[in-house]
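Sequence lines set the chain letters: A, B, ... in the order given, protein chains first and strands last, and positions in each chain run from 1.
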Amino acid sequence: MPELPEVETIVKGLRGKVLGRIIKEVQVLEPKMVINSDPFRNKLKDRAIRRVERQGKAIIMQTGQKAYLMVNLGMTGRLIFYPDTAPVDKHTHVLFSFSQGGQLIYHDQRQFGRLQLYEGIEPEQIPFVMGLGPDPLDAGFTWQRLAHLLSKSRRAIKDFLLDQKRIAGIGNIYASEILFHAGIKPLRSANQLRMEEIKRLRQAMQGVLRAAIEHRGTSFSDYLDVEGKEGNYKHFLKVYLREGEACSHCTTRIVRTKLANRSTYYCPTCQK
DNA sequence: ACCGTGGCCTGGACGC
DNA sequence: TGCGTCCAGGCCACGG
Ligand SMILES: [Zn+2]
């Protein structure tokens, strides 16, 4: 899906477009995208969007006292705001209309995403959120903290980075990119990294994720932000989707392998 | 507890 | 034109 940088971009976009707006009507065109779609529609009617936050790759919108709408975008989920009337196609699954005008749509070609309303609990009590590890962009995410997390896992470092219970927000694009920037092979065991490698890894996480946010995320086929615009970080990808191309640093051909059934890209020369 | 795998979906690219 | 195969930003339920 949209990973941390894309979700962060969407969250900022939502704050600009829908914060303070009141939901006049919710139309659920594909009920299986929404958990309990009938109460979902009724309970969101006439509620204001009070806050918009990111937790890992999930979007949390506060719609009342202890009422939170969580959106998981899956692989191809989009939230797009239209100031007037939103266009609807066969992948438009939910439509929010606002009293002040404008519509927000949830669009998802592959339908791996989910929308769910939680009531009577704070966001930290949502089961999905409770299962998330620390956010790599938090000030408290020091290399010592990372070292401690790494020490508890013998898995390949690439798998470790994808595990949302250990660290929240990194997905398949940025796992490969981060490891390239850190100069670490994806198959290395998490608990066998040396201190300098751990420090480089943390630097690479923050550097890559922050740069990707600056460029509004990565679009290669489906991802669009709240205004329907692509992210530009694809121009800065060093290894992801670049199998067979020359490494920008050493000209060795980029290799693709499978880890946990997901493509993993790396430079066999630059990454040790 | 840990790990890996397969399933959920649609559609674009490519080879025959 | 049409197949079959592989590929694609995620997550969860299963097994061993
Ligand atoms: Zn290289």
Side-chain angles (χ1 to χ4, degrees), chain A residues 1-11 29-35 54-59 70-80 89-93 106-116 126-133 136 149-179 186-187 189-191 208-209 211-213 215-226 229-237 239-244 254-265:
Chain A
M1 105 164 151
E3 306 181 29
L4 187 154
E6 290 77 31
V7 176
E8 185 68 22
T9 303
I10 290 169
V11 163
L29 308 175
E30 177 49 75
K32 75 176 165 202
M33 301 305 303
V34 177
I35 311 289
R54 176 181 65 77
Q55 293 287 343
K57 304 177 202 176
I59 298 161
M70 180 168 80
V71 182
N72 282 82
L73 297 166
M75 293 281 239
T76 53
R78 301 170 177 167
L79 285 166
I80 303 186
D89 68 23
K90 61 175 165 176
H91 300 304
T92 308
H93 305 309
Y106 181 73
H107 184 283
D108 191 346
Q109 181 189 109
R110 293 178 70 183
Q111 300 174 210
F112 289 169
R114 283 295 174 276
L115 289 81
Q116 184 165 9
I126 296 173
F128 178 84
V129 174
M130 285 171 60
L132 295 174
L149 292 168
L150 288 165
S151 71
K152 293 185 290 183
S153 173
R154 296 170 307 171
R155 305 169 69 184
I157 183 63
K158 159 77 167 9
D159 289 346
F160 175 93
L161 293 176
L162 288 179
D163 187 344
Q164 304 300 299
K165 291 191 288 298
R166 301 182 191 273
I167 298 173
I170 297 170
N172 210 37
I173 299 177
Y174 299 106
S176 283
E177 290 297 309
I178 286 165
L179 289 171
L187 285 139
S189 282
N191 65 354
V208 167
L209 295 173
I213 290 170
H215 293 283
R216 311 179 61 79
T218 301
S219 300
F220 57 82
S221 71
D222 290 286
Y223 167 70
L224 297 175
D225 69 15
V226 170
K229 292 191 303 199
E230 294 191 347
N232 297 314
Y233 194 73
K234 67 178 168 209
H235 303 298
F236 301 89
L237 296 175
V239 290
Y240 188 75
L241 292 181
R242 294 193 179 280
E243 181 183 19
I254 302 301
V255 167
R256 178 170 68 92
T257 56
K258 287 252 182 190
L259 257 121
N261 263 328
R262 322 254 340 242
S263 287
T264 304
Y265 299 85

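The 5' end of DNA chain B is approached more closely, in terms of each residue's nearest nucleotide, by A:Arg155 than by the other of A:Asn261 and A:Arg155. Each of A:Arg110 and A:Phe128 has a nearest nucleotide on DNA chain C; the 5'-most of these lies closest to A:Arg110.
OP1 or OP2 of B:dC9 has not a single side-chain nitrogen or oxygen of A:His91 nearer than 4.0 Å. At the phosphate of B:dC2, neither OP1 nor OP2 sits under 4.0 Å from any side-chain N or O atom of A:Lys165. Here A:Ser263 reaches the OP1 or OP2 of C:dA8: one of its side-chain N or O atoms lies under 4.0 Å away. OP1 and OP2 of B:dC8 both lie 4.0 Å or more from every side-chain N or O belonging to A:Arg114. Remark: A:Lys32 is in phosphate contact with B:dC9, judged by side-chain N or O atoms under 4.0 Å from OP1 or OP2. Listed pair A:Tyr265 / C:dA8 meets the phosphate criterion, a side-chain N or O lying under 4.0 Å from OP1 or OP2. Put simply, A:Lys258 has no side-chain N or O that comes within less than 4.0 Å of OP1 or OP2 on B:dT5.
Rounded to whole angstrom, the span from the CZ atom of A:Arg154 across to the P atom of B:dC2 amounts to 10 Å. Put simply, CG on A:Asp159 is 14 Å from P on B:dC2, counting in whole angstrom units. Summarising the geometry, the separation between CG on A:Asn72 and P on B:dC8 is reported as 19 Å, rounded to the nearest angstrom. Between A:Leu162 atom CG and C:dC12 atom P the separation is 14 Å, expressed in whole Å. Straight-line distance from the NZ atom of A:Lys57 to the P atom of C:dC12: 11 Å, rounded to whole Å. In this structure, the CE atom of A:Met75 is 10 Å from the P atom of C:dC11, given to the nearest Å. In this structure, NE2 of A:His107 is placed 13 Å from P of B:dT10, rounded to the nearest angstrom. Atom pair A:Leu241:CG and C:dC6:C1' shows a separation of 13 Å (rounding to whole Å applied).
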Worksheet item: So A:Leu161 and A:Tyr174, side chain to side chain contact (heavy atoms under 4.5 Å, CB included) or not? Walk me through it.
Response: CA-CA 9 Å; A:Leu161 293 176; A:Tyr174 299 106; over 6 Å; no
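Looking at the side chain of A:Phe112, the nearest of the listed nucleotides C:dC11, C:dA8, B:dC9 is B:dC9.
A salt bridge does not link A:Arg110 to A:Asp222: none of the charged nitrogens lies less than 4.0 Å from a carboxylate oxygen.
In this structure, the side chains of A:Lys57 and A:Pro2 stay at 4.5 Å or more apart for every pair of heavy atoms. Between A:Leu241 and A:Ile173 the shortest side-chain heavy-atom distance does not fall below 4.5 Å.
Ring-plane geometry between A:Tyr106 and A:His93 is classed as tilted, the angle between the planes lying from 30 to 60 degrees on a 0 to 90 degree scale.
Residue A:Asp108 is out of contact with every strand shown, counting any heavy-atom pair closer than 4.0 Å. Using a 4.0 Å heavy-atom cutoff across all strands shown, A:Arg166 reaches sugar-phosphate atoms only and no base atom. Within the 4.0 angstrom heavy-atom criterion, no nucleotide atom of any strand lies near A:Arg78. Among the heavy atoms of the strands lying under 4.0 Å from A:Lys90 are primed sugar atoms or P, OP1, OP2 only; no base atom is included.
When both distances must be under 3.5 Å, the Watson-Crick or G-U wobble mate of B:dC9 does not exist.
The only member of A:Ile80, A:Val226, A:Leu224 that meets side chain to side chain contact (heavy atoms under 4.5 Å, CB included) when paired with A:Ile10 is A:Val226.
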